[in-house]
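Just so you know, ligand 1 is whichever comes first in the structure, and atom 1 is the first atom listed for that ligand.
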Amino acid sequence: MISRKSLLYYCEISTIKKPHSLQIENGMHTLIVGAGSVGSMCGWRIKEGGENVSVVCRSNYEAIKENGFSIESARYGSRKFIPNNVYSTCEDASKDQEYDYILVCTKALPNIADPTDILKPLIKSSKTVIVLLQNGIGLEDPYVKAYPKNLLITCVVYIESEQRQGGIIKHGKMMELAYGLHKNKKDDNLDLIKNNAISNFHNILTSGGITSTVSTNIQKLKWFKNVWNATISPMSVISGKYSGEELVRNPGTRQLILNAMSEVIKVGEAVTGGPLHDKLSASEISEYFVISTESLLKTFIPSMLQDFINKKPMEHQVILKNVIESAKRFNINVPILETTYELLVMNEKKYLKPKGILLKSP
Ligand SMILES: CC(C)(CO)C(=O)C(=O)O
C-alpha cells in the first residue's frame, strides 16, 4: 500500500558526496531572474545561508525596490527578505557584476518568446552557471544552443508558494529542489569543474535550509514530476477551478486523472528509455501521485491554476505540448492529454487575446 510521505519521497535519488579535495567557495553571487513566488523563496533562503543575492523583478519591481519581500512561511517563519540589489531588467543587473549562478525562475513560455534572449547581457563568460528552476520538460535545448560554453543545471522544483500581491509571499512547508547537470550525452563522469559547480550549488542551497538533492538522472525525475503537472494542474483549470484534492476525491475525475497519468508515464518511459521509477511500477506511480494529492490542503492551488486565475499565460507548452509532441515521435496515443491541451489553450485565449498576447504557431 502506498502512503504519502512527500511528493519527492519515492524519487530515485543519488546524492553526491562532496569530494574531500574540493574547496567550497564562499561569497558567491547569485542572481534570481524572475523573483515571483519560487524565485523569491529561493533567493531568501540562499541569502539567509550567507550568500549575496540580487533579483530581477518585472511586475513587482516598484514594490520590491521600496520594501523588499514580506514572506510568511509555515516552514521558516515570517520574515522580510531584502536582496542585495533589485533590478528591473537583466541589462541593469549586468552592469556591475558577473554572476556565479543565474537562477532562471521565470515562467517557461517558449511558445511566446525565446526564453534565452533575456539572459544575453548577463552571460559574459563561461564562469556563470545557468540554473533552470522551471516545471515541464524539454526546456534545456534553447539554452544549450544559445550558451554552449556555460554549464546548465536543470531542476525539479517542489515549492508550495504563492505571491499574494507585489512582494507578499505565502509559503507552506514544501521547499525541495532535485537537480542535475544537463548533459547532451549519457555521461555520468563529472569532471572537477562540473563537480565544483554542483557541489557549490548544493552547499548554498543547504546552508539556506532548502532540501537539496543531486541526481545523475535528472530527466527521469523531471518526467516523474511532470506526471503530476501534466494532469492535475490542467484538470484543475478546465474543471472550473477545482483543487487537486477535490478532483482526486471525486471517483469520475480520479479515474480520468489516473488514465491521463498513464499516458504521460508511457511517453516518459519511451523518451528516457526506461521506467520512471526504480521501485514503483507505472500504475503505482499514478496511485502514488493520486494519494499524495488526496492529502494536500483544499487551499493548495497548482501554479497553473494560479496563472489562470491571475489571467497570465500558462506553461502548457512545456508541461503538456512537449509530452504530446514526444508521444507523436514514439507513435503513442495520448487522447486525454490532447483533449486537455486543446481545452486549456481555448480557455487561455479568452483572456490573452484581448491583452494582445499571441502564442507562436507551432
Ligand atoms: C506541486 C508544485 C507546487 C511544486 O512546486 C507545482 O509544481 C505546481 O504547483 O505547479
Side-chain angles (χ1 to χ4, degrees), residues 4-11 32 34-45 71 73-75 103-109 131-137 139 154-164 169-179 205 210-213 218 221-239 241-248 257 260-261 264 268 285-286 288-310 312-323 340 344 348:
R4 178 182 189 269
K5 295 272 176 6
S6 106
L7 274 173
L8 249 189
Y9 181 71
Y10 281 101
C11 296
I32 311 282
S37 60
V38 166
S40 58
M41 279 305 297
C42 291
W44 176 42
R45 297 318 308 165
I71 303 180
S73 164
R75 173 155 164 177
L103 272 52
V104 180
C105 302
T106 51
K107 292 279 164 196
L109 300 166
V131 187
L132 304 181
L133 285 95
Q134 293 171 315
N135 278 332
I137 48 123
L139 313 154
T154 192
C155 303
V156 181
V157 181
Y158 288 89
I159 302 177
E160 185 192 348
S161 57
E162 193 191 336
Q163 179 160 219
R164 290 280 158 88
I169 309 289
K170 178 110 174 103
H171 174 248
K173 290 216 163 111
M174 215 193 278
M175 188 73 195
E176 310 187 0
L177 291 186
Y179 52 91
L205 295 182
I210 300 175
T211 309
S212 149
T213 315
I218 190 62
L221 287 194
K222 284 197 72 77
W223 271 94
F224 181 82
K225 161 99 193 288
N226 205 48
V227 172
W228 191 90
N229 285 114
T231 53
I232 302 279
S233 301
M235 301 270 183
S236 70
V237 175
I238 60 174
S239 65
K241 303 190 228 169
Y242 277 98
S243 69
E245 184 266 353
E246 287 166 305
L247 290 171
V248 298
I257 284 168
M261 284 181 170
V264 184
I285 293 177
S286 309
Y288 156 67
F289 275 119
V290 164
I291 292 170
S292 306
T293 308
E294 225 168 41
S295 39
L296 290 174
L297 296 176
K298 259 198 192 57
T299 48
F300 175 87
I301 304 180
S303 59
M304 190 177 267
L305 181 53
Q306 288 178 33
D307 290 335
F308 177 74
I309 292 170
N310 295 321
K312 289 188 176 160
M314 294 181 281
E315 295 175 297
H316 45 66
Q317 169 81 47
V318 293
I319 287 179
L320 263 173
K321 191 68 198 280
N322 287 353
V323 179
T340 309
L344 195 68
E348 187 191 53

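- For Lys225 and Tyr158, the positive end sits near the middle of the six-membered ring, less than 6.0 Å away and at most 45° from its axis.
- Atoms of ligand 1 found under 4.0 Å from any heavy atom of Tyr158 (numbered from 1 in listed order, with element): 4 (C), 5 (O).
- Between Glu160 and ligand 1, no pair of N/O atoms sits closer than 3.5 Å.
- Closest approach of Tyr242 to Ser236, counting heavy atoms only: O-CB, 3.0 Å.
- Listed by atom number, the atoms of ligand 1 under 4.0 Å from Ile159 heavy atoms are 3 (C), 4 (C), 5 (O).
- Between the side chains of Ser161 and His171, no donor-acceptor pair is found at a separation under 3.5 Å.
- Considering both main-chain and side-chain atoms, Asn135 comes within under 3.5 Å of ligand 1 through a nitrogen or oxygen pair.
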Step by step, work out the side-chain contact (heavy atoms from CB on, under 4.5 Å) result for Phe224 and Phe289.
CA-CA 10 Å; Phe224 181 82; Phe289 275 119; 3.5 Å; yes
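- Near Ser303, meaning under 4.0 Å from one of its heavy atoms, ligand 1 places the atoms 8 (C), 9 (O), 10 (O).
- Closest non-hydrogen pair, Asn229 versus Pro234, comes out as O-CD, 3.0 Å.
- The closest heavy-atom contact to atom 4 (C) of ligand 1, among the options Val156, Val38, Val157, comes from Val157.
- The atoms of ligand 1 that sit less than 4.0 Å from any heavy atom of Pro302 are 9 (O).
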Between Arg45 and Ser73, is the side chain to side chain donor-acceptor pair (under 3.5 Å) condition met? List the steps.
CA-CA 11 Å; Arg45 297 318 308 165; Ser73 164; over 6 Å; no
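- When the options Lys225, Glu162, Met304, Gln134 are ranked by their closest heavy atom to atom 2 (C) of ligand 1, first place goes to Lys225.
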